[in-house]
Amino acid sequence: MKGYDVEGPALDLGALVRDDTADPHEEIKIPLRMMNRHGLVAGATGTGKTRTLQLLAEQLSAQGVPVFLADMKGDLSGLASPGTPSERVTRRAAEVGQEWAPVSCPTEFFSLGGVGEGVPLRATMSAFGPTLLSRVLGLNETQESSLGLIFYFADRNGLPLLDLKDLVAVIRYLIDTPEALSGIGGLSSATAGVILRALVNFQAQGAEAFFGEPEFDVHDLLRTTPDGRGVVSILELPGVQDRPQLFSTFLMWLLADLFEVLPEVGDPDRPALVFFFDEAHLLFEDASRAFLKAIVQTVRLIRSKGVGVFFVTQTPKDLPADVLAQLGARVQHALRAFTPQDAKALKATVSTFPSSGYDLERLLTELGIGDAVVTVLSESGAPTPVAWTRLRAPGTLMTPSGAAVIQGVMAASSLPAKYGRAIDRESAYEILAARLAQQEPAAPERPEPSRRPAGKRAEERPAERGRREPESVIEGVLGSKEFRSFARSAASALGREITRSIFGTARRRRG
Ligand SMILES: Nc1ncnc2c1ncn2[C@@H]1O[C@H](COP(=O)(O)OP(=O)(O)OP(=O)(O)O)[C@@H](O)[C@H]1O
Ligand SMILES: [Mg+2]
């Protein structure tokens, strides 16, 4: 089909279909150099989205491009194992002119905070930052900006926020120390209390495991094997329905972090990484305007760092228009039209496609499993015509890899040595606990700052006031309007080796 001829390296999606018959000579491809122009894989349940993702991932890997994907249903670990031939696969291969052969990809398995089998993935609290954390905690805008002030306070006062208990300790300290709290300005003890409760709940759900050190270095997602294949990093996220916000926000952190650390490369011949964002609707549901804006900006800017982002979800309508407009490749599997709501979503989906010779409203409901309506960017960057495509069969296993394969991957990996064990350096929690112990030599040792009401404590220990010079010195400055807006904006902290990302997260510069 016109527009799909590619001279350079490309990914083979499949063959053009006419009257339900695939023409093996009409190949539908995506130029490799357009894979940083983002994409969408959409369709109703069971229509072939995951297999399409698998197909893209294994071809990227074979062509030397590292891939990251989040596995929400446990059905992507098959990428580590060669596929098994079957009558169905052979028939599909013949239809689309594919020489099917079993392949397996070099893989690395990750898990969030070590909950699961893979290499534990953690972020420090300060790198995760107030914006993403607010999203996870379900805070409103006022609470979010208050959390920003708390992070700023900690940063300015030499209280590193590495894990969850560091942040809890700082907030308890602020609630217990009215001078410090009022010094911040714009942070009420009531709001601090709300944030603290949300955090303590979060902690009780076992969230401590996701935050702290060693922090994951996203460069580890950009590896190739000695024989030039891209490593496929699979983040196992079982039970996503229990924690949709945490999981999707964590993926966003990875993406934001990639954006921070990668150099500008313009439009490279091949992407540095392709990042598949499965169940993408979770990211956008109930997202605040600020959060949405940050996502849109990250997606827009990360392209020139050579990272392609592919969203996977049921309908394009799950994504905000600003994001959808940036997606160069579209692989739309079948949609259902059972309910009036389905019909509306179908119409909306059709409206996002350029006009074509197809009756898309009909075609999209009649597509077979593993067929899709496709439009991509040609080598020159122009959108290709809409093409009804029969996708190739993946060469990797279409069911989960066996336990032995996963254990083998883990055993061969160098990453467990680097990330396997959590470390707990001195940070805000320890510093504040030590300070308190010093101030109260008579008191029995306590693991963390007091939870007693602030007023009472101030009465009990009036002598304490003079000792808090770090806060009182900067009190006036912190309270000023300039500093508050500074804290909320993406500016860098004074004199510290810290940069702030699009999400307002602080990160220590590496190297
Ligand atoms: N390209 C393909 N080649 C061969 N078989 C396919 C292909 N695409 C889909 N299938 C078959 O259809 C089944 C369902 O596909 P898949 O798991 O990709 O659906 P899905 O859209 O990801 O569903 P869900 O929304 O439930 O995750 C596969 O298990 C496979 O048997
Ligand atoms: Mg799926």
Side-chain angles (χ1 to χ4, degrees), residues 11-17 20 22 24 27-30 39-60 67 69-79 81-103 105 234-241 244 247-248 251 276-282 310-319 329-336 338 342 345-346 349 364-374 387-401:
L11 307 182
D12 293 318
L13 281 177
L16 185 72
V17 181
D20 213 15
E27 292 188 324
I28 304 298
K29 300 179 175 191
I30 311 182
L40 173 71
V41 178
T45 319
T47 54
K49 297 184 297 296
T50 301
R51 299 314 135 204
T52 297
L53 207 146
Q54 195 172 346
L55 187 68
L56 292 172
E58 65 188 35
Q59 290 188 43
L60 284 163
V67 171
L69 21 91
D71 189 6
M72 312 272 191
K73 290 188 179 143
D75 56 359
L76 283 169
S77 64
L79 278 159
S81 306
T84 45
S86 70
E87 195 260 315
R88 262 214 340 243
V89 163
T90 317
R91 193 177 54 223
R92 177 171 288 256
E95 280 179 326
V96 302
Q98 169 189 15
E99 281 178 37
W100 190 88
V103 289
C105 298
I234 302 175
L235 175 59
E236 301 283 352
L237 292 176
V240 66
Q241 298 315 334
F247 289 175
S248 61
L251 294 182
F276 289 96
F277 217 127
D278 207 348
E279 304 280 342
H281 63 280
L282 297 176
F310 273 66
F311 294 98
V312 184
T313 188
Q314 298 223 341
T315 89
K317 284 298 168 192
D318 292 336
L319 309 183
R330 303 272 298 273
V331 180
Q332 176 69 56
H333 289 281
L335 286 171
R336 310 272 169 251
F338 296 146
D342 289 344
L346 174 66
T349 300
L364 282 175
T365 54
E366 292 176 356
L367 283 176
I369 292 172
D371 278 9
V373 164
V374 172
W388 174 7
T389 306
R390 182 143 308 153
L391 288 133
R392 292 178 162 229
T396 48
L397 191 63
M398 281 201 266
T399 52
S401 283

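Just follow the structure's listing: the first ligand is 1, and inside any ligand the first atom is 1.
- Using modelled atom types, one finds a donor on one side chain and an acceptor on the other under 3.5 Å when comparing Q54 with T396.
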Decide side chain to side chain contact (heavy atoms under 4.5 Å, CB included) for T47 and L367; before the verdict, give the C-alpha distance in whole Å, the side-chain angles of both, and the deciding distance to 0.1 Å. CA-CA 9 Å; T47 54; L367 283 176; over 6 Å; no
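- For ligand 1, the 4.0 Å heavy-atom shell takes in A44, T45, G46, T47, G48, K49, T50, R51, K73, R88, R92, I369, G370, L391, R392, A393, P394, M398, ordered by chain and residue number.
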Quick one: do K49 and L53 satisfy side chain to side chain contact (heavy atoms under 4.5 Å, CB included)? Show the steps, please. CA-CA 6 Å; K49 297 184 297 296; L53 207 146; 6.0 Å; no
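- A salt bridge is absent between R91 and E95: the closest approach of a Lys/Arg side-chain nitrogen to an acidic carboxylate oxygen does not fall below 4.0 angstrom.
- Within a radius of less than 2.8 Å around the Mg ion (ligand 2), the protein N, O or S atoms are T50 OG1.
- No donor-acceptor pair under 3.5 Å is formed between the side chain of D71 and the backbone N or O of I234.
- Side chains of T313 and F277 form no contact here, defined as non-hydrogen atoms less than 4.5 Å apart.
- With no hydrogens or angles considered, a side-chain donor-acceptor pair links Q314 and T45 at under 3.5 Å.
- Ring orientation note: the planes of F276 and F310 are tilted relative to one another, at an angle of 30° to 60°.
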For I30 and L13, what are the C-alpha separation, side-chain angles and deciding distance, and is it a side chain to side chain contact (heavy atoms under 4.5 Å, CB included)? CA-CA 7 Å; I30 311 182; L13 281 177; 3.8 Å; yes
